[in-house]
Amino acid sequence: MAEYDAIARGYQESKRLPFREHIERHTLFQLLGDVAGKTVLDLACGDGFYTRLLRQAGASQVTGVDISRAMIELAEEQERRQPIGCNYVQADVAAFEPGERVDLVVAVYLFNYAKTPEQLLRFCRVCHDALLPGGRLVGLNNNVHNLSAEPRSLRNYGLERTWERPLTEGDAIRYTMINADGTQVQFDNFYLEPATHAEAFERAGFRDFRWVDVSLHPAETGNPFWDDFMAEAPIIAFAAER
């Protein structure tokens with residue numbers, strides 16, 4: 001919590017990096033499909049970036065949850081400035097108990113904060129228990145399939161990753177976001193193996209858990225600028241059903 005309280009403004013600014021729109025946002029909403037009329041829980045919502053987009057896409061009710069007080073304050077500040085009907089709760093997702101179940105849970109970079117299989121399972125169970133029968137979980141994660149011994153530099157995209165080698169379960173991956181104005185924010189995610197994720201989703205009661213490779217917005221097709229990013233994509237999407 002303290003880590004993100006300290007970098008809240010800088011992290012908010014990083015949402016303007018081009019890969020966020022052309023790859024991250026595009027992939028997420030392609031996987032989400034039509035959200036019109038759905039009730040949504042946005043876990044690890046940060047400053048409410050996707051919470052607001054989900055509401056603007058037609059979701060009937062969207063609640064964002066984040067452990068960082070500073071992040072929630074930024075989200076509430078935007079809601080006061082441009083009210084669209086989003087609700088926010090400051091809470092540790094691992095201990096969160098929603099008042100009622102929803103159609104859709106969105107978890108953008110939630111699971112990569114689990115340091116142990118037990119923490120990952122807890123996150124999965126919170127997501128599962130928040131869903132109505134037949135509800136869906138959709139999100140993004142650091143790419144657990146694509147952590148080579150010598151990572152490709154992604155600085156041209158405003159992103160760098162470093163980790164100790166060899167990478168083992170629970171190890172930290174240091175992320176550095178480089179904003180357009182040159183300011184940087186750093187934070188740690190944690191590595192758990194693909195098989196650990198699959199087991200946690202199964203034990204939590206999910207079915208049809210699957211990883212989904214990110215995709216580039218059609219408007220950018222053929223642009224060689226994105227070749228290095230897509231060749232070693234640092235992020236991956238996923239989906240599952242209750």
Side-chain angles (χ1 to χ4, degrees), residues 4 7-91 93 96 98-111 126-127 130-132 134-141 157-159 177 179-180 185 212 214-221 226 235-242:
Y4 276 86
I7 67 170
R9 291 282 181 186
Y11 190 81
Q12 181 185 45
E13 183 64 24
S14 79
K15 298 295 179 66
R16 299 176 183 271
L17 291 169
F19 85 85
R20 298 282 208 176
E21 176 181 357
H22 298 307
I23 297 173
E24 179 183 290
R25 175 177 170 179
H26 170 68
T27 300
L28 180 66
F29 276 86
Q30 284 288 108
L31 193 54
L32 284 168
D34 186 9
V35 300
K38 296 189 181 297
T39 54
V40 185
L41 192 59
D42 182 14
L43 298 179
C45 70
D47 70 327
F49 181 80
Y50 282 116
T51 319
R52 293 179 67 81
L53 288 178
L54 287 159
R55 180 72 171 130
Q56 290 165 348
S60 61
Q61 179 181 319
V62 191
T63 299
V65 180
D66 200 275
I67 194 172
S68 167
R69 166 46 59 187
M71 287 290 192
I72 291 297
E73 287 174 352
L74 288 176
E76 292 174 336
E77 176 185 306
Q78 292 179 88
E79 181 64 24
R80 287 192 298 270
R81 190 166 57 245
Q82 294 180 312
I84 58 174
C86 294
N87 301 303
Y88 296 100
V89 178
Q90 187 212 352
V93 170
F96 182 68
E100 56 186 35
R101 291 180 177 177
V102 297
D103 301 307
L104 176 66
V105 170
V106 175
V108 175
Y109 307 127
L110 166 65
F111 296 115
V126 169
C127 293
L131 285 168
L132 291 162
R136 298 176 67 220
L137 167 65
V138 175
L140 295 164
N141 201 73
Y157 309 100
L159 171 66
M177 296 289 190
N179 292 326
V185 293
V212 180
V214 294
S215 57
L216 182 63
H217 193 285
E220 294 295 308
T221 300
W226 296 109
I235 57 177
I236 194 167
F238 60 85
E241 296 182 9
R242 172 166 179 164

Please find the pair of heavy atoms, one from [X] and one from [Y], that lie closest to each other, and give the distance.
X: Val214; Y: Ala237; result: CG1-N, 4.4 Å
X: Gly48; Y: Ala75; result: N-CB, 3.9 Å
X: Gly158; Y: Leu17; result: O-CD1, 3.6 Å
X: Tyr4; Y: Ser68; result: C-OG, 3.8 Å
X: Ala91; Y: Phe96; result: CB-CD1, 4.0 Å
X: Leu54; Y: Val40; result: CD1-CG1, 3.9 Å

Self-check item: Test side chain to side chain contact (heavy atoms under 4.5 Å, CB included) applied to Met177 and Leu159, step by step
Solution: CA-CA 5 Å; Met177 296 289 190; Leu159 171 66; 3.8 Å; yes
With rounding to the nearest 0.5 Å, note down the distance linking [atom1] in [X] to [atom2] in [Y].
X: Leu137; Y: Arg242; atom1: CG; atom2: CZ; answer: 12.0 Å
X: Asp66; Y: Leu110; atom1: CG; atom2: CG; answer: 9.5 Å
X: Leu28; Y: Ile23; atom1: CG; atom2: CD1; answer: 13.5 Å
X: Tyr88; Y: Thr51; atom1: OH; atom2: OG1; answer: 4.5 Å
X: Gln90; Y: Cys45; atom1: CD; atom2: SG; answer: 10.5 Å
X: Leu43; Y: Ile67; atom1: CG; atom2: CD1; answer: 12.5 Å

Salt bridge (charged side-chain N to carboxylate O under 4.0 Å, His left out) involving [X] - partner list, sequence neighbours excluded:
X: Glu77; answer: Arg9, Arg81
X: Asp47; answer: Lys15
X: Arg25; answer: none
X: Arg16; answer: Glu13

Determine whether the aromatic ring centres of Tyr157 and Trp226 lie less than 6.0 Å apart. yes
So the side-chain hydrogen bond (donor to acceptor under 3.5 Å, both in side chains) pairs with at least one residue in residues 52-64 (sequence neighbours excluded) are Arg52-Glu79
Identify all side-chain donor-acceptor contacts of residues 29-37 below 3.5 Å with residues at least two apart in sequence or on another chain.
residue: Asp34; atom: OD1; partner: Ala36; partner atom: N; Å: 3.0

Is there a donor-acceptor contact under 3.5 Å from the side chain of Asp103 to the main chain of Lys38? no
**Asked** With no hydrogens and no angle check, is any side-chain donor or acceptor of Asn179 less than 3.5 Å from a backbone partner on Gly10?
**Response** yes
Side chains of [X] and [Y]: closer than 4.5 Å at any heavy-atom pair?
X: His22; Y: Leu216; answer: yes
X: His26; Y: Pro218; answer: yes
X: Phe49; Y: Val108; answer: no

**OP:** Validate the cation-pi geometry between Arg20 and Tyr50: distance from NZ or CZ to the six-membered ring centre under 6.0 Å, angle to the ring axis within 45°.
**Re:** no
